Structure formats: C-alpha cells, structure tokens
Amino acid sequence: MATGHFDFARLIAVAMSNPSTAKTAISPRREEDFPEWYQQVVRAAELAEPSDVRGCMVIRPWGYGIWENMQRQLDAMFRATGHRNAYFPLFIPLSYFAKEAEHVAGFAKECAVVTHTRLEVDADGKMKPSSPLTEPLVVRPTSETIIGASYAKWVQSYRDLPILINQWANVVRWEMRPRLFLRTTEFLWQEGHTVHETEAEACAETKQMLDVYEKFVRDHLAIPVYSGEKSESERFPGAVQTLSIEAMVQDRKAIQAGTSHFLGQNFSRASGIQFQNREGKQEFGWTTSWGMSTRMVGTVVMTHGDDDGLILPPRIAPTQIMILPITPKEETRAKVLEACDKLARELRDQRYADLALEVDVDRRDIGGGTKNWEWIKKGVPLRVEIGPRDLESNSVAVSRRDQPMKRKASMSRQEIVSRVPEILDSIQQSLFERAKKFRDEQTRVIESKKDFYDFFTPKNSAKPEIHGGFALAHWNGSRESEQQIKNDLKVTIRIIPFGESEKGRCIFTGEPSSRRVIWAKSY
RNA sequence: CGGGCUGUGGCUCAGCUUGGUAGAGCGCCUGCCUCGGGUGCAGGAGGCCGUGGGUUCAAAUCCCACCAGCCCGACCA
C-alpha cells in the first residue's frame, strides 16, 4: 500500500511539471468568449448538435440522458404533489388558439401553422402540398387552449375539481436566433395545467409548483435561484400573474429556470371551463400552468462548466462513475478488465439518492489520455482508474470532476465502494456552493441610477467583456422607466422578490418604492 | 420582416482579382511506435467546388437568376 501511494505522488509530480497540461480542453476559455465556449462544450460533451432543419437540434444520448434524469426527478415531484400525466394533441385548431386575445397576440409571431395535407407532384416534378385544410392548425407553442377544450368537457361541478394534470411534450416556437438548448425552434418540456374551485387555491398551486421547481433545481441541478414575480411586461401572455425562478450563469446573465402562472379565469372564460359551485351557480374555473424545458440542460452547462468542459451534478449525470482500465501491456489487459468489471458490479449495488448508481467501464481500445479527456469534457462526476499496479496494491485512483484534473486520490477498492455515496454527495454539494458563491459575489445592492448604469455598461464597448450581474435596486413600478432601462442597457427586471418590503426611493424616478427588484441582462 | 457577408471532402478554410476541371489543417481508416495525461511516424479513403442558365476551345474562377446559411437590428422556455 505504501508503494502505491509513493507511485502516485511521483506520477502527479511529473504531470504537474509538464507545461502541456496547462492547456484547457475547451477553447476559447470562458472569459475569452463565453457564447463560443458554450457551443464548444455542448459539442465536445456530445450533448447535442445543430440539425439540417433550421433552428432545430439533435439531442444526443449523453444530453438526452441528462434530460431523462431531470424528467424522472421532476415527474416524481409532480406525482408527490398529486399531479398525473396525460397527453394532448400537437395541433391546435386556429379558432381555439385565437380564443384568448392576449395569448394569441403574445405567440402569433412565433407560430408554425399547418395549412395543407397531402403532397402531390406538380408539373415540374416537385412535391407540393395539395389540399388546403378548412381550418389551419397551429403547432402548439404551449397548450393552454387545446387542454382547455378538454377541461371544458370534464368540468361540470365543483366536485370535479381540482384537475391536476401534467404533460411531457415537444413544442414549437419559431424563434429568430436559435442556440442549442437555450433557444431552439422545437424543444422538449413539461407543462402542467390545473383547474381549481377558488382563486386562493389556484394561487396556492401556482406558488407550490414554483417551490417544486426551486427545490428541484437546488437539490438535483445544484443551482441556486432567486424566486419571485415577473413584472407586467415580462408576464406570460394571458396570465394574471407569472412567477419564476432565476439562475445566474457564469457570464453573469440571468436565465429563467422555471415559470408558474396564475391564469385567473382568463383561459377558462376563453375555453368555457365552467362549473356549478357550492351555491349552485355557474362559475368559471381558476386555472394555472407551469413549465420547465430542455433549456435547463443548457443552464447546467453554463452554471457548472469550466474550461475543460462540462461538469455534471451527480444526481443528473447519466453515468456517475466511469471506470477507466489502464492497459499498458497486453499480458495484464485481461486481468485489469476483469478487475474493472468486478468493481463496476460492486459499485452498482450501492444506492445513491434513491437510485442505483450508474457505473460504466470504458473498455474501448484507444489512447488512455484521449479516453480520460473525453470523460472530463463530458463531465462525469467520478473517474476511477485501475491499472496493473493497482491490482497488486488493491487500490484505485479516483478523480473528482469538481476538482483539478491532476488531483487523484488513491484509495483501496473497499474504500471507494463504501464511500461512493458520500463522495458524490460532496461533489453535488460543492457544485451548489461554488455556484452560490459566484452568484452572491456578482449580486450588488445599487442605490443610484449612475451606479446602475456603470454596473451594466461594458468597459470596452467594441469587445464587451463579461460584466454586470444581478442588481438589487428600488423601483416604483413605472413601466416607462423599465422600458427605458431595457432600451439603454438591455437590462430587465428578472423578478420582484416575494414578501420582504423595504421603504426607499426608485433610483430612476425618485418616487417612493416599497421594495427592491432584481435587474439583470438575461437569456 | 429590414441591412451586410458567405456557399469548395465529415469540420474549419485556401484557391477566384490575372479562366486551363482542386489543396491545407483537423477528423476518419490501416500499420508500426507509444500507452498511469489528449503522443509520434508512415501509408490511405473521401469532393461532378450550393442549384439552374449564360459567356468561352475551356468555368470553382467571369455574368445572370434562384436557393440556402451566417452576422447586425425588433421577440422568447
């Protein structure tokens, strides 16, 4: 055992003296060009790639595995709060969609519309749509109206309420500037749609689901968020109130991580969701909707990634532990592989976060360094190396992705097996703390308009560096000042935090203000 | 939807001004050397140069049209 430790110490010393290891796996580095860094990470980690279809992406197995883990965790939380899954049509008749005026206005520009069926060969030999539909179909950008049509049939009496349904689906929003995961024409999400007997109950549901999102993002994605209400201008089209959780990613911009809407009776009026209440009178239902999308995959990348690629929180990693056989000599190869398989079996028997551990052995016959770097870029939380020397000393070399790549811990096989849940928890925890520290450091209390403008104005306008962050500043609710800030700085109110009031004066208008709001540039 | 740029092997691009029917790097394949840090060497596969038309003995190169994509301005999970 002592010799095992000695060997590693020497090995690490050699690695650290080699200047070539200073090179980062991803270029450019984050501070050089953050958007480009993001794209390179998504590609290097094989999460997704652009498709030939404009604005659409192909989600590759590693990226989809992350999404599936998110789905599984979220889905369990929805069930635990009494929701059940169902599925509604992809196509929404234009007339349904048009029922809620603000809603259509908000989504009209980004709707894909199906106007024809069947293809026919024209005179030039080209295929072209032939039969116009009597009524165009909107490809859902969100499903309030089509789900509302069903709810209208299902709801007769207060006894039918509440209705608590979620659907996992794809939606289409014809966006101008696609970016993998963050903004694509088609994306995957979950949308919850509920109907309640009273306004208070619907409001409570809206808040409850926001809390579910906050907990999910904190506990599973290791991302700290601020939660609160959206200002009127940022509200979901047709909603009475929109709540959201906002995360900060490493270029200091805000990203909306989940939203929950209190829809009042707007959509039930539009769809005719009516019930006979306890007094025997007809009343419109009180509805909510809430959603979280594949955008969260991009958010994880931008929150935790470093200059060597992705870093995955263990709870959502498709594989938590990758075992890397070191097979320098053909003679020892079989033995090493056998030891790897055995360790994988032992590790898989361990439980972590109520799940069986996902452990793989990378037995591909490619260069050891190449292989190692691949898993670094993919963000696997733990890499475990086993080589011929380890067989003799009954040890393994363990690398944590949240720590410098050169740091390896040598431990016995028994030790790694028994300590794995604890180590993964420690990684999960350290990622959260690192992200929280970063966010807190980039959040400023701002007291004057000048400081506000300074905070959000890049020092070098030709090549804007990463700048700004979250600003906590008093605002009196004036829509004009909000619009002015957006025009001047591209900074918007991300949320109006719940509860906590503090008397002060709006830093833009000088009018009395009852609370600070969070301002930031955003995705 | 308004303004600028670009379409050449899987990817990034050179070649175009001064027409003579293709090049580099990366990636990929094979072999050898390496292998506890993304290595090296040798060989190889892969392109009717976005599409259609025109000029010409001859077009990746010049002209016209079309199509597609990228960047910049208004929207968004």
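Values in this document were obtained by computation on a predicted structure and should not be read as measured data. The sequence lines fix the lettering, A, B, ..., with proteins before strands; numbering per chain opens at 1.
Nucleotide B:C48 forms no Watson-Crick or G-U wobble pair with any nucleotide shown, as no partner meets the under 3.5 Å limit on both distances. Nucleotide B:C62 has B:G54 as its partner under the Watson-Crick or G-U criteria, with both atom distances under 3.5 Å. Using N1 to N3 plus N6-O4 or O6-N4 for Watson-Crick, or N1-O2 and O6-N3 for G-U wobble, each under 3.5 Å, B:A22 pairs with nothing. The nucleotide B:A68 finds its pairing partner in B:U6, both defining distances of the Watson-Crick or G-U wobble pair being shorter than 3.5 Å. Checking B:A42 for Watson-Crick or G-U wobble geometry (two distances, each under 3.5 Å) identifies B:U30 as its partner.
Across B:C11, B:C35, B:G38, the shortest atom-to-atom separation from the side chain of A:R43 is found for B:C11. With distances taken from any side-chain atom of A:T370 to the nucleotides B:G36, B:C75, B:U39, the minimum falls on B:U39. The side chain of A:E110 sits closest to B:C76 out of B:G73, B:A77, B:C76. Listed candidates were B:A77, B:G38, B:G36. Nearest to the side chain of A:R295 is B:A77. Taking every side-chain heavy atom of A:T184 into account, B:A77 is the closest of B:C11, B:A77, B:C35.
When the P atom of B:G36 is taken as reference, atom CD of A:E392 falls 18 Å away, rounded to whole Å. Straight-line distance from the CH2 atom of A:W168 to the P atom of B:A77: 18 Å, rounded to whole Å. As a whole-Å value, the separation of A:E374 CD from B:U39 P is 12 Å. Spacing between atom CZ of A:R364 and atom P of B:G38 amounts to 16 Å, rounded to whole angstrom units. In this structure, A:Q39 places its CD atom 11 Å from P of B:C70, rounding to the nearest Å. The CH2-P distance, from A:W290 to B:A77, rounds to 18 Å in whole Å. If you take CZ of A:R179 and P of B:C75, they are 18 Å apart, rounded to a whole angstrom. One can place CG of A:L324 at 14 Å from P of B:G38, the figure rounded to the nearest angstrom.
Within the nucleic acid shown, A:T332 has no heavy atom closer than 4.0 Å to any nucleic acid atom. Within 4.0 Å (heavy atoms only), A:L182 reaches at least one base atom of the nucleic acid. A:A25 comes within 4.0 angstrom of a nucleotide base, judged by non-hydrogen atoms across all strands.
Comparing A:T259 and A:S399 along RNA chain B, the residue whose closest nucleotide (by nearest heavy atom) sits nearer the 5' end is A:S399. Summary of the strand contacts: A:E186 and A:G367 both lie near RNA chain B, and taking for each the nucleotide with the nearest heavy atom, the more 5' one is attributed to A:G367.
Across the C1' atoms, B:G9 and B:G23 are found 11 Å apart, a figure rounded to whole Å. Across the C1' atoms, B:A68 and B:G31 are found 42 Å apart, a figure rounded to whole Å. If you take atom P in B:C33 and the same atom in B:G69, they sit 49 Å apart, rounded to whole Å. The separation of B:G2 from B:C62, taken at their C1' atoms, amounts to 31 Å, rounded to a whole angstrom. The separation of B:U56 from B:C70, taken at their P atoms, amounts to 38 Å, rounded to a whole angstrom. Taking atom C1' in both B:U61 and B:G7, the straight-line distance is 14 Å, to the nearest Å. Rounded to whole Å, the separation between the P atoms of B:U51 and B:C67 comes to 15 Å. Using C1' as the reference atom, B:A14 and B:G47 are 15 Å apart when rounded to the nearest Å.
Judged by centroid separation below 5.5 Å and plane tilt below 30°, A:F187 stacks onto the base of B:A77.
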Stepwise ring-ring contact (aromatic ring centres under 6.0 Å, His included) check, A:H193 with A:F88: CA-CA 11 Å; A:H193 294 271; A:F88 297 87; 7.6 Å; no

Report the C-alpha distance between A:E374 and A:R364 in whole Å, list the side-chain angles of each, state the deciding distance to 0.1 Å, and finish with yes or no for side-chain contact (heavy atoms from CB on, under 4.5 Å). CA-CA 12 Å; A:E374 195 172 295; A:R364 290 174 304 165; 2.8 Å; yes

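Looking at A:D251 and A:Y523, their side chains do bring a donor and an acceptor atom within 3.5 Å of each other.
OP1 or OP2 of B:C75 has at least one side-chain nitrogen or oxygen of A:K486 nearer than 4.0 Å.
In summary, A:D306 and A:R401 engage in a salt bridge, as defined by a charged side-chain N under 4.0 Å from a carboxylate O.
A donor N or O paired with an acceptor N or O is not found under 3.5 Å between the base of B:C76 and the side-chain atoms of A:R173.
More than 12 heavy atoms of other shown residues, nucleotides or ligands fall within 6.0 angstrom of atom CZ in A:R235. Heavy-atom neighbours of A:E338 CD from other residues, nucleotides or ligands within 6.0 Å: at or below the threshold of 12. Counting heavy atoms of neighbouring residues, nucleotides and ligands inside a 6.0 Å radius, atom CZ of A:F456 exceeds 12 of them.
Taking the centre and axis of the six-membered ring of A:F107, the NZ or CZ atom of A:K109 falls outside the cone set by 45° and 6.0 Å.
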